[in-house]
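Worksheet: one structure, shown below.
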Amino acid sequence: MYDIKPLENEWKKYRKKKLKPWIIASVSLIVLSVSGIFLLPKSKIDFSKFDNSFVIASNSTYTEDKKIENSNRKTKSNVLINDPLNKLEIEKSVTDQVNIAANDSSNAFVDIPILDGKQEKTVRYGQKGKAKVHLDIVDTTSVTAYKDVAKRFEKSHDIDDSLFLARSYYKKGNYKKSEYWALATNKVDSNIEESILIFVKSKTKLGRKNEAISILKSYLKKSNSQEARNLLHRIENNKL
Amino acid sequence: MTSRYESAKNVFIDSVDIEDYIDLDSSVAAYEQLQHSLDKPLKMILLFGKPGTGKSILLNRIQEKLKHQKEIHYFDTPAVTEKEFFHKLFKVLTQKDLPINTEVNFSALVDFCKNLRGKREIIILLDEAQMYGPDMMEKIRLLSDSRAVKFVVSLHKTEDEDLIAKEHFQSRIWEVIELKNATKEDQTAYIHKKLLKKNLYEIANSIKAKDMKLIHRFTKGNYRECNKLLFTIFEICEYYDKNEPAKVNYTRIPSKIIEMSALKLGYIHV
Ligand SMILES: Nc1ncnc2c1ncn2[C@@H]1O[C@H](COP(=O)(O)OP(=O)(O)OP(=O)(O)O)[C@@H](O)[C@H]1O
Ligand SMILES: [Mg+2]
């Protein structure tokens, strides 16, 4: 009647996998605490190393941080100035992306989203090598979850992530960020209507109605989406 | 021999049966809000929520409760064609059948509704409204402008679309009621009450708080997913009970079985 054996085997595998990190963690904890006793006096010497890695990490974690640093360079430059490690491989593509965004005048993407200072401070470092970040993004509103998704996007370029961010920031009324993430989505895949709509809506909310209308009109030349047409109508009548 | 788990399993067959309605904190709140909105001079009310959050059962409940006091009609799955929909509506409004092979003249119907104003107040509960196209929705809106017919539009959208849906309606609909997934407390009450209704006291008792937490984690508090998961859990229990009774613990559902069910349903993976 019921094929239970394969399910039981699957469960055993699941169990094993679930326990593995715990075993590894506890074993390594023991190893660490034992070795920690011996290494304690040495650790002072390595302090500068830590300092450096902080700069790298905070600098390359993700685009938005980078941009803040750019825009705030005048006031905060002493932190990051002339850092030779600034140009790490990983961040390269990220920076390029931002540059493209800033230069692409047809997109009129001039405004750079700015994070609140709060978020900037909570940058987590030393996470780069870590395995997959597991996230439950459905109901979360916490700042770090958004940051984790953003970080994950930089690696994966998964438009589900960027769309999630665009949508959530729009919902929260943070139109600069929703505009940014809608555009990021559009760069990966320019056929996602939702990203275009959020982009246009964000622009409208940011007071750039004419720009929004012209983008939407050019989109409507290629598509006959009813949703887009409705949106155009609403924007034109100031009903957004 | 029938297993005690068989009846437990059947409790969680997914169906919208008004007999099975359960008062939960969230559903009571939504019910009251809906009832309150119906009393206001609104033209349209949007009942909104992810699939499986209890919209259909709520609409059924309100119809059941109010049917002796008000003209209230429940339209379930949308008619296949517009024509069929208007036939149905025509019957509700005029209490007459439309002869076959005739079509409803829409503007005449609007006039008819305008004439009803102040004489009758008809409430129409439109379930699964995401299936009506924009043209139909526009017509429904025009009808509701008559103020004789009030529509409660129930709409489910997937996570991706929910924002757009809400925005689409916000400007047109005066009240939005949103149903959400259950909290852990509500879900626990839901599971217990459902089992107790069928006198399955011992089984209800064998699901402990920790198990409820696990169930809530897997289903995210969605009622439909919860039904699916519990159905599978009891299905597995039933199997063991019949074939390998040594593996059954009657005082406590083992988390192993909960996890096996979650694997089977794909909430978790190896
Ligand atoms: N308050 C409640 N009392 C009893 N059963 C409930 C309650 N809320 C939800 N349910 C049950 O949860 C399941 C899903 O509910 P329902 O079908 O009403 O969801 P829905 O929101 O209409 O979903 P969809 O959008 O897919 O139509 C049903 O089996 C229903 O009986
Ligand atoms: Mg339903």
Side-chain angles (χ1 to χ4, degrees), chain A residues 1-20 132 134 136-140 159-161 163-173 178 182 185 192-198 200-202 204-205 225-231 233-235 237-240, chain B residues 3 5-6 9 50 133-135 137-138 157-172 180-183 214 216-222 225 232-244 247 254-270:
Chain A
M1 158 231 170
Y2 206 81
D3 213 3
I4 206 88
K5 271 279 158 300
L7 195 57
E8 278 180 340
N9 291 336
E10 208 180 329
W11 179 77
K12 276 184 199 138
K13 272 191 239 154
Y14 168 77
R15 204 67 209 163
K16 231 191 252 163
K17 204 174 112 190
K18 217 178 138 196
L19 287 176
K20 217 160 141 194
K132 230 174 163 184
H134 182 74
D136 180 9
I137 56 173
V138 180
D139 270 321
T140 183
I159 53 166
D160 282 342
D161 286 343
L163 258 182
F164 164 78
L165 290 167
R167 210 181 285 140
S168 311
Y169 280 127
Y170 187 85
K171 214 180 212 165
K172 286 166 59 163
S178 59
T185 311
I192 309 288
E193 174 166 306
E194 189 184 352
S195 72
I196 294 163
L197 300 186
I198 295 177
V200 164
K201 284 193 290 189
S202 307
T204 313
K205 292 280 190 191
S225 149
Q226 188 59 40
E227 192 98 58
R229 204 160 300 138
N230 288 345
L231 180 61
H233 186 75
R234 272 158 60 212
I235 294 175
N237 293 296
N238 296 321
K239 289 228 172 94
L240 193 66
Chain B
S3 159
Y5 291 114
E6 195 176 330
K9 181 182 82 176
K50 287 180 195 149
D135 289 353
M137 288 310 298
E138 196 56 26
K157 282 275 165 175
T158 59
E159 256 157 49
D160 287 354
E161 295 165 309
D162 74 356
L163 175 78
I164 287 178
K166 245 194 257 175
E167 290 198 342
H168 182 69
F169 282 98
Q170 230 145 34
S171 54
R172 302 176 164 189
K180 295 230 168 80
N181 282 341
T183 58
L214 199 58
H216 191 260
R217 210 182 83 212
F218 289 143
T219 61
K220 302 207 171 78
N222 188 281
E225 300 302 326
T232 312
I233 289 171
F234 290 128
E235 193 179 39
I236 294 175
C237 287
E238 186 191 356
Y239 171 87
Y240 281 140
D241 197 17
K242 280 185 181 161
N243 301 288
E244 301 174 66
K247 286 192 183 170
S255 50
K256 174 184 173 183
I257 293 187
I258 303 177
E259 285 170 350
M260 276 166 73
S261 311
L263 278 166
K264 186 163 184 246
L265 294 171
Y267 297 132
I268 47 177
H269 304 278
V270 177

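Everything numeric here is computed off the predicted structure, so don't read it as measured data. So that the names make sense, note that chain A is the first sequence line, chain B the second, and so on, each numbered from 1.
- For residues 263-270 of chain B, the interface with chain A (any heavy-atom pair closer than 4.5 Å) comprises B/Leu263, B/Lys264, B/Ile268, B/His269, B/Val270, sorted by residue number.
- Within the 4.5 Å cutoff, the side chain of B/Lys256 has no heavy atoms near those of the A/Arg15 side chain.
- Only the side chain of A/Lys17 comes within less than 4.5 Å of a heavy atom of chain B; its backbone N, CA, C and O stay farther away.
- A/Lys16 does not touch chain B: none of its heavy atoms, backbone or side chain, sits under 4.5 Å away.
- The line from CH2 of A/Trp11 to CD of B/Glu259 is 6.5 Å long, rounded to the nearest 0.5 Å.
- Taking 4.5 Å as the limit, every side-chain heavy atom of B/Asn243 sits out of range of all side-chain heavy atoms of A/Ile4.
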